[in-house]
Every structure is written in structure tokens, then in C-alpha cells.
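Every value quoted in this text rests on a predicted model; they were computed, and no experiment measured them.
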Amino acid sequence: CAPRSFSSGAAAACSLCAPGSFSNTSLTVTCFLCDPGAFSPGNATSCALCLPGSFSNASGVGACDPCAEGSYGGSFGATGCTPCGNGTHSPTPGRTAPCDDCTAGKFAAAEGLPECDPCSPGSSSTPG
């Protein structure tokens, strides 16, 4: 079999590697799984790293997942995303840059929030 495919030994025909796996040599009897932080759409000779703003936390995935609202991913090959810290937020999934500071009069008292909450009447906050 050519790279990107395998033969289970008993089978006369070659099969293409499934999504999440690859084969980079000829005469392969199995395809290899992509590591966490990488993916393969299938029929591949290698795995690609997840792009910033996305991640994979398992072996053998066919596509990376976008970072959720309230988090960001700034590097290639991520196995998880960084939650927004206190005083910051991100309403956008797949974000690649650190989270935005809350504006004056709003706050984020917990990590990983997509939006900042308004301050209670009679209270205030400074940006961040």
C-alpha cells in the first residue's frame, strides 16, 4: 500500500487512513493516531497541529475544536484553552488573543466568562 493507506494483512485491497490517523510509509498494516494537539482529516501522510484558537485533547481526532466563549488559545498544537481571568471576558469562540478587560462599571468575578456583569447600583469599577 502507498502512504496514506494501509492493508490489514488478510485484505487484498488497501484502505485509506481514517480521519484522525495517518500513514507515512508504504506497506503499512495500520494507520497511526494523531497525538493530542494535532488532527488529520483522513487520507494523510502526517498530522497537522491545531491552529491558535482551537485545540484537541484526545488522540485520533479528525478536526480541532474551537476554544469556547470565555477562553482563548494563542498557540499552535494546543490541548486546551486558557480561561479568561477575573476582570476579563471573551464573547467570541475561537479567540486567539488574550481576553478583553471589562469596561468601567462592569466586572467579571470568576474565570471563563463570556460577558462582564454590570456593577450593582451604588457601586463602581475601573476597567480590568
Side-chain angles (χ1 to χ4, degrees):
C1 293
R4 300 186 174 122
S5 62
F6 72 101
S7 174
S8 63
C14 296
S15 300
L16 296 177
C17 292
S21 65
F22 72 99
S23 170
N24 57 5
T25 60
S26 299
L27 305 174
T28 302
V29 296
T30 187
C31 295
F32 302 99
L33 293 178
C34 297
D35 291 331
F39 74 101
S40 161
N43 188 21
T45 57
S46 65
C47 298
L49 294 177
C50 294
L51 296 174
S54 66
F55 73 100
S56 74
N57 58 4
S59 298
V61 299
C64 298
D65 294 318
C67 293
E69 295 175 347
S71 68
Y72 70 97
S75 62
F76 287 89
T79 58
C81 299
T82 303
C84 295
N86 292 350
T88 66
H89 72 107
S90 172
T92 309
R95 185 178 180 108
T96 58
C99 302
D100 297 322
D101 287 341
C102 294
T103 57
K106 294 188 175 186
F107 73 101
E111 290 187 342
L113 296 177
E115 299 290 340
C116 298
D117 294 319
C119 294
S120 301
S123 63
S124 64
S125 71
T126 58

Contact summary for F107 and C102, nearest pair of heavy atoms | C-SG, 3.7 Å
For C31 and S23, work out which heavy atoms get closest and say how close.
-> SG-CB, 4.3 Å
D117 CG to H89 NE2 distance, which is reported to the nearest 0.5 Å | 11.0 Å
Without swapping roles, check the side chain of T79 against the backbone of N57 for a donor-acceptor pair under 3.5 Å.
-> no
C67 vs R95 side-chain heavy atoms within contact, under 4.5 Å = no
Going by heavy atoms in the side chains, are P52 and S75 under 4.5 Å from each other?
-> no
Here the pair of heavy atoms bringing P36 nearest to S59 is CD-OG, 3.5 Å
F39 CZ to D65 CG distance, which is reported to the nearest 0.5 Å | 11.5 Å
Nearest-0.5 Å distance that lies between atom OG in S21 and atom CG in N43 = 9.5 Å
Measuring from T92:OG1 to E69:CD, what's the distance to the nearest 0.5 Å?
-> 7.5 Å
Going by heavy atoms in the side chains, are Y72 and T96 under 4.5 Å from each other?
-> no
Distance-only, no hydrogens or angles: does the S56 side chain make a donor-acceptor pair with backbone N or O of G37 under 3.5 Å?
-> yes
Atom of S40, atom of C47 and distance for their closest heavy-atom approach = CB-SG, 4.3 Å
Where do K106 and P118 come nearest, in terms of heavy atoms and distance?
-> CG-CA, 4.1 Å
When hydrophobic residues are tied together by side-chain contacts of less than 4.5 Å, even through go-betweens, does F22 share a cluster with L33?
-> no
Going by heavy atoms in the side chains, are N86 and E111 under 4.5 Å from each other?
-> yes
